[in-house]
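Throughout, a chain's letter reflects where its sequence line sits, starting with A, and its residues are numbered from 1.
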Protein chains: 2
Amino acid sequence: MVRPTTYDAATRAALIDAAAAAVAAGGPDALTLRGVAAAVGATTSAIYALFGSKEQLLRAVHREAFAGLAHELERVPAGGGPLDELLELGLAYRRSALARPSLYLVMFSGDPRLVPTEPADAEAAAATLGRLQGAVGRAQAAGALPGSDPGDTTLELWALVHGLASLELLGALGDRDAAGRHWHRALRGAVAGYDAAG
Amino acid sequence: MVRPTTYDAATRAALIDAAAAAVAAGGPDALTLRGVAAAVGATTSAIYALFGSKEQLLRAVHREAFAGLAHELERVPAGGGPLDELLELGLAYRRSALARPSLYLVMFSGDPRLVPTEPADAEAAAATLGRLQGAVGRAQAAGALPGSDPGDTTLELWALVHGLASLELLGALGDRDAAGRHWHRALRGAVAGYDAAG
DNA sequence: GTTGTTACGTAACACTGTTACGCTACGCTG
DNA sequence: CAGCGTAGCGTAACAGTGTTACGTAACAAC
């Protein structure tokens, strides 16, 4: 009775990849439904069948980008002292943001269509920080960081690295070398600060 | 020989206000040239005569928003200890961001058309931080903060408050009260951190 | 093979930013 | 006080956008 679907999961993944590539290449305005559809040999119907709207496609790109960031953080080895580990995680965060600047900025663009995030998005963001929170928890357990709730400190460290990444991508931190010095200074200061302030 | 212009500076200011209001109300996609032109009783010709393109209009909104932020920071009184002053500046930054969330996020949206900022934009951003840098300089002079170059510490503090504002606007810091606790913890930690780490 | 239901491509719609065109209003020249 | 020429300005068209309605085509059941 029913015609079998050809807009399968593979098409869906390809569309997300093409959309992410378009955003990474030319920013959010460079993403057009006709463009991404043509890039994977489909039509706009495929997008509406699989996602429902451009907004939902962007949401999927959003989630994919957070997952990629989480993957980069997971790859950081856990060896060394807990504070060194936090520094390495911060630098890995920086590398990930610099690798695809437009995509990173879109993740936090604050497009109102993306801001009222669904619970799934909040969970994805939390999962992104899983690796970081683990390191914070270990540092606290080892007495290298104060506090008992790793979630609080994790969020505050996230705010710092996100702010650094955002400002660097906007050019406010100077060239690559100057920005690197800011990253090291700020990360060292933050870790020592929690140590000193309790 | 020449017809006098009716698209004067007042029209220009009104267009910037209307554009900022549209962005603040519905995000960047809610800004349409026909819409802002109609809001001030003009036509799209006025925008093209005064700005040249939507991009230039957005740039003007950008600068206006940074100027407003600078104005908010200037209003913070300089009394009290230098570290308390830094805390108050951070909280003023937060209030300013929360007052017009969409506008704040657009300021850092990273739209590639805005990223390669002109020198004038970089100067505007620097001026925004003038008040903060003054407080940092005084704190350093008083020995309450280490370091000799207030510019470095200012940028790193800016990264922190920007990250906090960005995450709060995206809902990652929880409700208003929880976010406030994060702000206080992070600001105290940062100030103490520079103190401890040198 | 016929039928019925579902997946899908196409084309239209309303809207966007942008630009070309023509009208209109004014200051200078007689 | 006329007339003209230049510049300012509104209108309308253009290409391109997201979205949707519609017709076609492909398959399972009978």
Side-chain angles (χ1 to χ4, degrees), chain A residues 1-16 18-62 102 106 109 111-116, chain B residues 1-16 18-62 102 106 109 111-116:
Chain A
M1 285 276 205
V2 35
R3 173 182 185 177
T5 168
T6 67
Y7 289 164
D8 52 359
T11 310
R12 180 185 167 89
L15 283 170
I16 293 176
V23 170
D29 282 7
L31 174 69
T32 72
L33 296 189
R34 288 171 176 85
V36 303
V40 306
T43 68
T44 58
S45 291
I47 296 174
Y48 282 91
L50 290 170
F51 297 92
S53 70
K54 183 183 185 181
E55 171 189 337
Q56 298 288 340
L57 173 61
L58 263 177
R59 237 189 267 272
V61 171
H62 226 243
S102 291
V106 166
S109 71
D111 193 315
R113 300 169 306 186
L114 301 177
V115 168
Chain B
M1 284 276 205
V2 36
R3 172 184 186 175
T5 167
T6 67
Y7 289 164
D8 53 358
T11 309
R12 181 186 166 89
L15 283 170
I16 293 177
V23 171
D29 283 7
L31 175 68
T32 72
L33 297 189
R34 288 172 176 83
V36 302
V40 305
T43 68
T44 57
S45 292
I47 296 175
Y48 282 91
L50 290 169
F51 298 92
S53 70
K54 182 184 186 181
E55 171 189 338
Q56 298 288 340
L57 173 60
L58 264 177
R59 235 188 267 272
V61 171
H62 226 244
S102 291
V106 167
S109 71
D111 192 316
R113 298 169 307 185
L114 300 177
V115 167

Grab the NZ-C1' distance between B/Lys54 and C/dT16 for me, whole Å please.
8 Å
By side chain to side chain contact (heavy atoms under 4.5 Å, CB included), which residues pair with B/Ala46, not counting sequence neighbours?
B/Tyr7, B/Leu15, B/Ala42
I need the CG-P distance between B/Leu33 and D/dT17, as an integer number of Å.
17 Å
Gap between atoms CD and P, on B/Gln56 and C/dT19 respectively (whole Å)
12 Å
How far does CD of B/Gln56 sit from CG of B/Leu50, to the nearest 0.5 angstrom?
12.0 Å
What are the residues of residues 41-50 of chain B, sorted by number, that bring a heavy atom to within less than 4.0 Å of DNA chain D?
B/Thr43, B/Ser45
Whole angstrom value for the distance that separates P of D/dG16 from CG of A/Leu31:
17 Å
Spacing of B/Lys54 atom NZ and B/Leu58 atom CG [to the nearest 0.5 Å]
6.5 Å
Please identify each residue that fulfils side chain to side chain contact (heavy atoms under 4.5 Å, CB included) with B/Ala18, with sequence neighbours left out.
B/Val36, B/Ala39, B/Val40
Rounding to an integer number of Å, can you tell me how far B/Leu58 CG sits from C/dG17 P?
10 Å
Side chains of B/Leu57 and B/Leu33 in contact at under 4.5 Å (non-hydrogen atoms)
yes
Measure the spacing between CD of B/Glu55 and CG of A/Asp29 and express it to the nearest 0.5 Å.
10.5 Å
If you go through the side-chain atoms of B/Arg34, does one of them form a donor-acceptor pair with the base of C/dG17 closer than 3.5 Å?
yes
Any base atoms under 4.0 Å from B/Leu57, or only sugar-phosphate, or nothing? Heavy atoms, all strands.
nothing
